[in-house]
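All values below come from the heavy atoms of this structure, side chains included, with hydrogens, waters and symmetry mates left out.
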Amino acid sequence: MANAELIQKAKAIRSWALDSRLIAAGPPEQDVDAGEKQMVAQAFGADLPTSWQKSGLTGVGVSDTRERIIVYTAARMPKTEQKRMPSQFSDGVEILYKRASPFTLKDDTPDVVIGAKPGKFLRKRYTCGSSISIANRRSAGTMGALVRNEEGTLLGLTNNHVTGGCNNTRRGMPVSAPGIKDVSSTGFRPFTLGSHHTSIPIVLGEPDTVDHLRNTDAAVFEILSDNSVSSMQQGFYDTPIALAEILADPEDGLLVKKVGRTTGQTFGRIESQMIGAFPLDYDIPTYHSAIESVRFSGRVYFEPVYLVRGIQGVFSDRGDSGALVVTDVPAGQEKAVGLIFAGDASDNLSYILPIHPILDTLGLTLVSGMGTND
């Protein structure tokens with residue numbers, strides 16, 4: 001967790017924004033220092049930017065090691081308006097302003113041009129970082145990692161909205177490789193990689209009416225044959241079993257990487273830890289049969305959420321959901337950080353959820369060394 005004083009300042013900004021109706025992200029912040037809040041109101045409220053009045057704020061993040069707070073706005077803030085806004089607190093804590101547009105997770109969004117092959121085999125084994133989907137929905141996400149549960153069952157790990165249908169996929173529903181959206185006459189033949197096993201429930205509702213701290217976007221599917229999969233991340237590096245310190249104490253500046261269905265291997269830097277409840281809108285259909293379907297639609301709040309910016313290009317794009325984010329260190333020394341669950345390539349930002357709570361909730365351990373030497 002970022003240091004308490006920095007969090008208090010970020011909460012004060014967020015609380016002022018909520019009171020000013022500049023942000024739609026849940027109920028008022030609790031336990032906000034009154035002095036900090038008054039100081040923020042005086043600094044920010046005197047000359048409200050026109051861009052904020054039109055589009056508002058999307059969140060407030062903290063960067064612990066750099067002692068800075070980042071105010072995220074729905075529209076890019078003109079430099080003339082930025083100059084009018086406070087650039088730091090009296091104690092030297094820096095305030096930055098960056099764009100982070102709101103968006104909705106949905107299947108009918110036109111897909112992007114794929115810069116890498118959506119799926120990869122190594123020694124006839126399907127690798128992590130490759131394309132998957134529920135077998136009766138035209139979509140595609142990423143198999144982030146192989147895991148085992150307490151019974152020893154081998155499972156594939158991804159987002160709930162990729163294979164779990166946002167709580168609505170029934171156990172046993174086939175999981176296709178590649179994802180149905182990637183099936184074509186020129187690609188490899190799709191096959192059933194596994195079947196849906198378990199999702200961590202995603203709960204709609206305001207943070208003051210539901211326990212949003214239990215929300216995460218993760219699901220697992222049972223692998224049909226251990227010999228069909230590899231723990232390698234598309235051949236770039238093996239899935240690590242060690243967990244990074246960022247899960248307990250996120251540090252700005254930590255370099256990370258991932259392998260995903262859409263953008264392949266990319267590199268980024270953790271920019272901030274989002275403060276308070278982070279909202280994300282979902283609109284995801286699930287099909288049980290030709291005559292039975294259900295749609296998950298509404299706003300979900302998550303906490304904690306970390307924001308990653310890509311280095312020398314975007315970190316993720318549509319279809320990379322579920323990819324495992326690891327520390328960017330030499331191959332063999334990586335540590336697992338979290339799962340990508342949302343992002344906006346136009347702003348070069350990706351949102352990740354910590355891996356540790358996901359593994360703990362489902363009683364999972366990451367699998368390494370599978371299919372690497374066959």
Take atom CD of Gln88 as the centre, draw a 6.0 Å sphere, and report whether it contains more than 12 heavy atoms from other residues, nucleotides or ligands. yes
Taking the side chain as every heavy atom from C-beta outward, state whether Ile134 and Tyr287 have any atom pair closer than 4.5 Å. no
If only atom types and distance count, is the side chain of Asn149 paired as donor or acceptor with the main-chain N or O of Leu155 below 3.5 Å? no
Are any of the side-chain heavy atoms of Ser321 and Phe341 separated by less than 4.5 Å? no
According to a hydrophobic-cluster definition based on side-chain heavy atoms being under 4.5 Å apart (Ile, Leu, Val, Met, Phe, Trp, Tyr only), do Phe191 and Leu146 belong together? yes
Mind checking what makes salt bridge (Lys or Arg N to Asp or Glu O under 4.0 Å) contact with Glu150, not counting sequence neighbours? none
If hydrophobic clusters are built from ILVMFWY residues whose side chains come within less than 4.5 Å, do Leu154 and Leu224 share one? no
Applying side-chain contact (heavy atoms from CB on, under 4.5 Å), can you list everything that pairs with Ser199, at least two apart in sequence or on another chain? Asn160, His196, Ala219
How about Ser101 and Arg99: does a side-chain donor come under 3.5 Å of a side-chain acceptor? yes
Does Ile241 CD1 have over 12 foreign heavy atoms under 6.0 Å away? no
To the nearest 0.5 Å, atom CZ of Arg137 lies from atom NZ of Lys181 at 9.5 Å
Report the distance from atom OH of Tyr126 to atom OG of Ser225, rounding to the nearest 0.5 Å. 15.5 Å
Flag the pair Leu204 / Phe296 as yes when at least one side-chain heavy-atom distance between them is below 4.5 Å, and no otherwise. yes
How long is the span from the NZ atom in Lys98 to the CD atom in Glu271, to the nearest 0.5 Å? 3.5 Å
So do the side chains of His197 and Arg171 get within less than 4.5 Å of each other, counting heavy atoms only? yes
Rounded to the nearest 0.5 Å, what's the gap from CZ on Arg170 to OG on Ser195? Could you check? 15.0 Å
Between Gln233 and Thr239, do the side chains contain a donor N or O and an acceptor N or O under 3.5 Å apart? yes
Are any side-chain N or O atoms of Ser230 and backbone N or O atoms of Met232, one a donor and one an acceptor, separated by less than 3.5 Å? yes
Strictly distance-based, threshold 3.5 Å: is any side-chain N or O of Asn215 a donor or acceptor partner for the main-chain N or O of Val203? yes
Result of checking Asp328, Leu255, Leu254 against Arg269 for side chain to side chain contact (heavy atoms under 4.5 Å, CB included): Leu255
Of Tyr306, Tyr72, Phe315, Phe278, which is the lone residue that meets ring-ring contact (aromatic ring centres under 6.0 Å, His included) with Tyr351? Phe278
Rounded distance [0.5 Å steps], CG in Leu157 versus CE in Met143: 10.0 Å
So for atom NZ, which belongs to Lys120, do other residues, nucleotides or ligands contribute more than 12 heavy atoms lying within a distance under 6.0 Å? no
Can you list the steps and then say if Thr142 with Ile132 is a side-chain contact (heavy atoms from CB on, under 4.5 Å)? CA-CA 6 Å; Thr142 298; Ile132 56 170; 5.9 Å; no
Heavy atoms of Thr58 and Ala100 approach each other most closely as OG1-O, 2.8 Å
Would you say the side chains of Thr372 and Arg123 form a donor-acceptor pair under 3.5 Å? no
Close side-chain approach of Val60 and Trp16, heavy atoms under 4.5 Å: no
Hey, what do you get for CG (Asp320) to OG1 (Thr263), rounding to the nearest 0.5 Å? 3.5 Å
Is there a side-chain contact between Leu359 and Leu243 in this structure, where contact means two heavy atoms from C-beta onward sitting under 4.5 Å apart? yes
Quick check: do Pro330 and Tyr237 have side-chain heavy atoms less than 4.5 Å from each other? no
Go through it in stages, so that I can follow the logic: the residues are Val93 and Ile69, the test is side-chain contact (heavy atoms from CB on, under 4.5 Å), and I'd like the CA-CA distance, side-chain angles, deciding distance and then a yes or no. CA-CA 7 Å; Val93 172; Ile69 292 172; 4.2 Å; yes
Quick one: salt bridge (Lys or Arg N to Asp or Glu O under 4.0 Å) partners of Asp226, sequence neighbours excluded? Arg148
Take Asp91 and Lys9 through the test side-chain contact (heavy atoms from CB on, under 4.5 Å) and record every step on the way to the result. CA-CA 11 Å; Asp91 58 2; Lys9 287 178 169 57; 2.9 Å; yes
Just wondering, more than 12 heavy atoms not from Arg214 lying within 6.0 Å of its CZ? no
Answer with yes or no whether the hydrophobic clustering places Ile284 together with Ile180; edges join I, L, V, M, F, W, Y residues whose side-chain heavy atoms lie under 4.5 Å apart. no
Partner of Thr262 under side chain to side chain contact (heavy atoms under 4.5 Å, CB included), chosen from Asp317, Val314, Asp182: Asp317
Under a plain distance cut-off of 3.5 Å, with no hydrogens placed, do Asp238 and Ser368 share a side-chain donor-acceptor pair? yes
Cationic tip of Lys257 above Phe236 ring, under 6.0 Å, 45° of axis: no
Contact between Leu193 and Ser228 at the side-chain level, heavy atoms closer than 4.5 Å - yes or no? yes
Tell me whether Ile7 is reachable from Leu18 by hopping between hydrophobic residues (I, L, V, M, F, W, Y) whose side-chain heavy atoms are closer than 4.5 Å. yes
Under a 4.5 Å side-chain heavy-atom rule over Ile, Leu, Val, Met, Phe, Trp and Tyr, are Val329 and Val326 clustered together? no
Hey, what's the ring geometry for Phe302 with Tyr282, parallel, tilted or perpendicular (30° and 60° as the breaks)? tilted
Heavy-atom neighbours of Gln312 CD exceed 12 at 6.0 Å: no
